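Note that this is a predicted model, so its numbers are computed, not measured. FYI, side chains are in, hydrogens and waters are out, and symmetry mates aren't considered; it's all heavy atoms of this structure. In listed order, ligands and their atoms are each counted from 1.
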Amino acid sequence: MSLLTESQAWLDLKAHQSASKQHSVRDLFKLDIQRFSKFSLCFEDILVDFSKQPVTQQTVDLLLTLARQQNLETWINRMFLGEKINHTENRAVLHTALRSKKPVILDGEDVTLRVKHELQKMMRFSSAVRNGEYLGYSGRSITDIVNIGIGGSDLGPLMVTKALQPYCSERLKAHFVSNVDGVQLYETLHQLNPATTLFIIASKTFTTQETMANAHSARDWFVAKSGNKDAVSKHFIAVSTNLEAVKTFGVDADNMFKFWDWVGGRYSLWSSIGLSIALMVGMDHFEALLAGADAMDQHFSTAPLEKNIPVILALLAVWHINFNGIRSHAVLPYDQYLHRFPAYLQQLEMESNGKRISRDGQEVDYQTGTVIWGEPGTNGQHAFYQLLHQGTQNISADFLAPCQSQHPIGNHHLLLLANFFAQTEALMRGKNEDEVRNDLESEGLSSEYIEKLLPHKTFPGNRPTTSILYKKLTPRTLGTLIAMYEHKVFVQSVIWNINPFDQWGVELGKQLSNKILPELEQSGPVSTHDVSTNGLINFFKNNQN
Ligand code: F6P
């Protein structure tokens with residue numbers, strides 16, 4: 001048994017879970033008409049309603065006791081103060097410094113000065129491209145931007161650019177290439193004119209296999225199409241922490257945008273990795289995004305735990321994952337502009353908290369992390385909601401929606417929101433046998449048929465959802481929402497005593513693929529692996545041509 005699972009706070013939650021099974025949320029609403037105001041929190045124009053979660057005040061209090069036992073407030077301070085809490089990489093974790101208006105001291109230096117310098121460079125560059133002053137090799141303005149990166153160097157910029165489409169320049173088109181599958185690069189390049197295209201090679205390390213393969217192939221394409229090798233430095237921009245590798249690739253030092261090892265890949269959209277965002281939405285909107293995140297940082301670092309939105313969201317997740325056996329969490333934006341948000345959160349949460357070894361190097365004896373997935377509403381309703389409502393496993397979900405549509409058409413937004421409210425209500429209430437029987441009787445069905453149908457038409461309800469409503473998906477609101485989830489993930493890691501800032505788990509597959517690549521390049525069968533891997537490789541080789 002670990003210290004965590006033996007601790008009083010953990011044992012109290014376990015006992016509470018067994019005792020509280022008899023309450024349905026439906027009953028809890030009947031017992032307390034103040035439940036909505038007691039179990040919802042507001043921040044700026046965002047409302048987070050967790051009153052449909054199967055929790056009582058006692059549950060929340062016990063979870064808060066667990067958070068205090070795990071020294072959450074100390075850990076929050078340690079992160080904001082730049083302590084090297086990413087201990088397996090000996091690094092500070094200061095993505096918050098990228099959006100901080102106050103000085104942040106790391107190793108005796110105010111790192112926000114470096115951040116400002118890079119932001120100013122981004123401002124100059126993005127305005128020159130946006131207003132058409134930055135010219136390509138043939139003297140024409142840029143019309144297309146291709147961000148080549150993967151993981152955090154892709155998902156953040158891609159998700160934000162899609163989310164802020166109404167704020168994007170109409171003169172520029174953004175493309176994102178991440179997959180090493182050449183099909184994605186082909187489909188992107190074949191629509192482009194090299195004379196008006198700007199490539200951004202976004203990679204913290206500048207060694208990532210997929211990004212470097214795409215970058216080299218894009219450069220080959222550019223040189224072949226333009227017939228102008230010298231123009232590479234004008235059309236290829238880099239964002240990285242690795243100056244040497246950038247220079248070797250052929251990017252002009254002036255066209256390199258920096259960031260630092262204290263910014264984790266999946267927390268990097270706020271840094272110059274966000275260059276494609278700034279190019280598309282303009283620096284004023286990029287700064288509004290940063291300001292929204294900074295506002296959430298202030299809230300997270302100062303609000304009492306019981307009123308702290310990321311803390312409450314994380315504790316609810318811990319309640320479900322560790323005490324209710326829930327293994328899957330859906331993110332369901334009723335906002336088409338957030339259609340890449342679930343994919344973005346997948347990396348944020350699963351790469352951060354997919355860990356089985358504690359900070360002290362012990363294998364944990366409790367669940368960490370969870371499966372994150374989702375699709376925008378209402379599409380998901382016609383695909384997987386059946387399982388949410390009536391499946392055998394309980395799945396928690398966040399529903400997100402804007403009060404104002406960016407493009408009101410007829411009554412579409414009312415239809416969308418009617419579905420949002422109906423789904424969260426249905427998941428909470430369910431439908432009991434009496435209600436189903438009444439419905440079927442009113443349809444005039446025979447009692448024999450009604451009894452047959454009854455089990456199929458009942459819904460257990462009590463499915464845990466949090467509803468997040470915001471006025472409008474502005475750059476500021478988006479920044480606030482993303483930072484809210486970043487901090488939620490951190491709080492979970494503190495409860496679980498794991499390091500959410502490394503990602504060693506992605507290494508093994510990378511190493512093996514480097515070993516397999518030469519075997520694919522050579523002719524003849526392969527016999528160096530297990531029989532399955534040998535069989536698959538040899539089948540591939542035999543069918544390659
Ligand atoms: O998936 C592993 C990872 O290191 C991510 O954490 C990171 O976002 C991604 O690869 C890309 O890394 P880089 O920016 O160094 O190319």
Problem set entry | His235 side-chain N/O to Tyr137 backbone N/O, donor-acceptor pair under 3.5 Å | yes
Problem set entry | Sidechain N-carboxylate O distance under 4.0 Å for Glu109, Arg114 | yes
Exercise. Just distances here: any N/O of Gly151 and N/O of ligand 1 closer than 3.5 Å?
Worked result: no
Exercise. Between the candidates Glu351, Lys510, Arg266, Gln503, which shows the shortest non-hydrogen contact distance to atom 1 (O) of ligand 1?
Worked result: Glu351
For this session: Give a yes/no verdict on a cation-pi contact between Arg219 and Phe249, requiring under 6.0 Å between NZ or CZ and the six-membered ring centre and an angle within 45° of the axis.
Result: yes
For this session: Give yes if a backbone or side-chain nitrogen or oxygen of Lys204 is under 3.5 Å from a nitrogen or oxygen of ligand 1, and no if not.
Result: yes
Exercise. Does atom 14 (O) of ligand 1 have a protein heavy-atom neighbour under 4.0 Å away?
Worked result: yes
For this session: State if Gln347 counts as touching ligand 1 under the rule of any non-hydrogen atom under 4.0 Å.
Result: yes
Problem set entry | Any side-chain donor near an acceptor of the partner, Thr480 and Thr477, under 3.5 Å | no
Exercise. Would you say Ser153 has any N or O atom under 3.5 Å from an N or O of ligand 1, going by distance alone?
Worked result: yes
Exercise. When you measure from atom 9 (C) of ligand 1 to every protein heavy atom, which one gives the shortest distance, and what is it?
Worked result: Ile150 O, 3.6 Å
For this session: Answer side chain, backbone, both or neither: which part of Thr205 comes under 4.0 Å from ligand 1, heavy atoms only.
Result: both
Exercise. Which ligand 1 atoms are under 4.0 Å away from a heavy-atom of Gly152?
Worked result: 7 (C), 8 (O)
Exercise. Do Asn86 and Asp502 get their side chains close enough for a donor-acceptor pair, meaning under 3.5 Å?
Worked result: no
Problem set entry | Distance-only donor-acceptor check, side chains Ser328 and Trp373, under 3.5 Å | yes
For this session: Please could you name the atoms of ligand 1 that Thr208 approaches to less than 4.0 Å, counting only its heavy atoms?
Result: 12 (O), 13 (P), 15 (O), 16 (O)
Problem set entry | Whether Phe80 and Phe300 hold their rings parallel, tilted or perpendicular, with breakpoints at 30° and 60° | tilted
